[in-house]
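To start, the structure under review is shown below, and the notes come after it.
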Amino acid sequence: MMLTRFLFEKIDRAGWVFLVLLGIAAVLVPVLNLAVPPGSMFHVSNTAVGLWGKYMTYALLALAVDLVWGYCGILSLGHGAFFALGGYAMGMYLMRQIGPRGVYSHPVLPDFMVFLNWTELPVTWWGFSSFPYALLMVALVPGLLAFVFGWFAFRSRVTGVYLSIITQALTYALMLAFFRNDMGFGGNNGLTDFKDILGFNIQSQVTRAVLFSLSVIALMTGYLVARAIVTSKAGKILIAIRDAEARTRFLGYRVENFKLFVWTVSAVMAGIAGALYVPQVGIINPSEFSPANSIETIVWVAVGGRGTLVGAALGAGLVNFAKSWFTGAFPQGWLFALGGLFIFVTLFLPKGILGTFTDWWKRRGERREPPASSPARQPAE
Amino acid sequence: MLIDPMETQLPADPVQAIERPQVVTQSLLYLDGVSVSFDGFRAINNLSLIIAPGEMRAIIGPNGAGKTTMMDIITGKTKPDTGDVIFDGQVDLTQLDETAIANLGIGRKFQKPTVFEMHTVEDNIEMAVKADRTVFGTLFSRHSAEIWRRVDELLGIVRLGDHRKRLAGDLSHGQKQWLEIGMLLAQDPKLLLVDEPAAGMTDVETGATADLLKDIAKTHSVVVVEHDMGFIRELGVKVTCLHEGSVLAEGTLDQVSSDERVIEVYLGR
Ligand SMILES: Nc1ncnc2c1ncn2[C@@H]1O[C@H](COP(=O)(O)OP(=O)(O)OP(=O)(O)O)[C@@H](O)[C@H]1O
Ligand SMILES: [Mg+2]
């Protein structure tokens, strides 16, 4: 009841297109992959399923970033940390699933621990043989870190560039920590050689197709949650904070609490994205914490359209699609292309692809709705 | 200057517990011996000021006199180095932050009109209307007919009914001033601090603003800062002239504007 009312009142046209296309993809892609023979022109290759599944998790990460940056003005340059932590939580479950099938055939310990001459499982790994526990950690670890970080940062009113820099420092510090062997997370090799997930062979094409569909469903759910937040009265306050933080305080709103809420929700979303990413790519290592990853996510959102949600997801898909093509054609050129793209979008499409498109659409007089709410014309503050 | 300093020696803490002289408990806003320096420059210098419940007060003074800084101190944006700032006879405002002070019932209009430019006019008012201000309260708040009735009423008062669906950022300067006054009213504060409401307005608009403020003053306490003497005369209330961070003169407009020192530092130029 409430859900149907929500769907009809709060989802705009772009949202509907987005949801319907994703819904179709969630069903059609696995069918075309599994049921249509490889020779057919309608067959979707295994590689494509894996690649698109990865894009879906990136899109969810972009959505999380847009929620804080586009709607609350918090430019996070460290969201990759939450993504990676969710990924590590899932990776730890997958490692425990290997059981005695590792190279050293140890019944409990993952290979890298045997290699380090460890004799028992560190406390941090306890419980990860249970899937529900692992799922809880996927949400809890990024959520808790974000909550504690945000509690201090927002209460002491760190904003703007300073906040961006400490988010960047956060992910960098985590990267260095996870590189260390004695942290117990596999050092620079990370976690890999996964065998199965919930008893299903992780390499099998059926499992991979299911993971793809789950990623799409996670993206759709993430969109609905984000949309519910930004269209509520709390969402109006978030935009108010983004555009005039001090004014919002003088109206009697606790700005730090609003920021903390949306920041934590966003971190949990990023964590879930990471958890879906890891079984599909088959590895998680400290490079996922690398500051460059978080910055790349900002580019996706800026390209797609900050403060539009759908645009952020679109940007993640498009930029990564371009990246896959580019790294094949000109392996050295990608970073330059990415930088160039960011400059181009900042200068010529400050509202991103979706924002520019909806403006153009509106000017054609085809839409009567008042504008949703896209951020003031400041691409990066 | 206002009362015998011996009587007003108040221990700094605990603020709530102590006995206060009558002059404190009976005033809505009580500032005494307030000073604040920025990098060694004394913007507010031993300032004392008392606003009675229901009073409207006009504040004048040359640029840089400290009028806006005084409002910053009252609303918690700036913490004074020394002095007492007491609201409603008992609450020590120096211990509270902007949000807490706003929720106590002190509303403020900024010198530079500050509205939420990317929100519609009606949404600006709606966010200001007194209601649950917690995260979860706003997250799950349903459309409230009562709140929107109030929004309609306020839009009428500030004459922005025809513009309610426009983005606040598209309004003219004067309309933004009015919108901000509307937001101020929506908060239903006990005390309104209004910084230069007539700046950038035509004579007709200025007159209308004065009428509006006089109307508001019937049910609220108001402190208005203005440079426009015609506007101040229109208000017809007690005037305080600030200069270099302290009170230079206080009284009716005629008394203040005939004061030698006021003429010298402010009016005479
Ligand atoms: N945050 C601050 N940091 C440094 N100096 C400040 C700060 N706030 C105010 N000042 C200084 O304090 C003095 C008083 O400023 P204030 O804005 O209160 O004046 P005003 O009476 O409102 O003037 P105007 O009529 O021009 O608005 C000025 O010299 C100003 O530069
Ligand atoms: Mg001023």
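In what follows, chains carry the letters A, B, and so on, assigned in the order in which the sequence lines appear, proteins first and then strands, with residues in each chain numbered from 1.
The only member of B:Asp123, B:Thr138, B:Thr120 that meets side-chain hydrogen bond (donor to acceptor under 3.5 Å, both in side chains) when paired with A:Lys236 is B:Asp123.
Listed here is the closest heavy atom pair of B:Ala102 and A:Arg249: CB-O, 4.0 Å.
The residues B:Asp132 and A:Lys233 are annotated as not salt-bridged, no charged nitrogen and carboxylate oxygen being separated by less than 4.0 angstrom.
Contact annotation for B:Gln187: only side-chain heavy atoms (C-beta onward) come within less than 4.5 Å of a heavy atom of chain A. Looking at B:Ala186, there are no atoms closer than 4.5 Å to chain A (heavy atoms on both sides), in backbone or side chain. Interface remark: B:Arg142 contributes side-chain atoms only to the contact with chain A (heavy atom separation under 4.5 Å). For chain A, the nearby parts of B:Thr114 are the backbone and the side chain; heavy atoms of each come within less than 4.5 Å. For A:Thr231, no part lies near chain B; criterion is any non-hydrogen pair under 4.5 Å. Heavy-atom distances place no part of B:Asn124 under 4.5 Å from chain A, backbone and side chain included. Proximity to chain A (any heavy atom under 4.5 Å) is restricted, for B:Phe136, to the side chain, taken from C-beta onward.
Atom CG of A:Asp243 sits about 6.5 Å away from atom CE of B:Met118, to the nearest 0.5 Å. The distance from atom CD1 of A:Ile237 to atom CE of B:Met127, rounded to the nearest 0.5 Å, is 5.5 Å.
Using a 4.5 Å cut-off between non-hydrogen atoms, the part of residues 255-265 of chain A that approaches chain B consists of A:Glu256, A:Asn257, A:Phe258, A:Phe261.
By the 4.5 Å heavy-atom criterion applied to side chains, A:Phe250 and B:Leu193 are not counted as neighbours.
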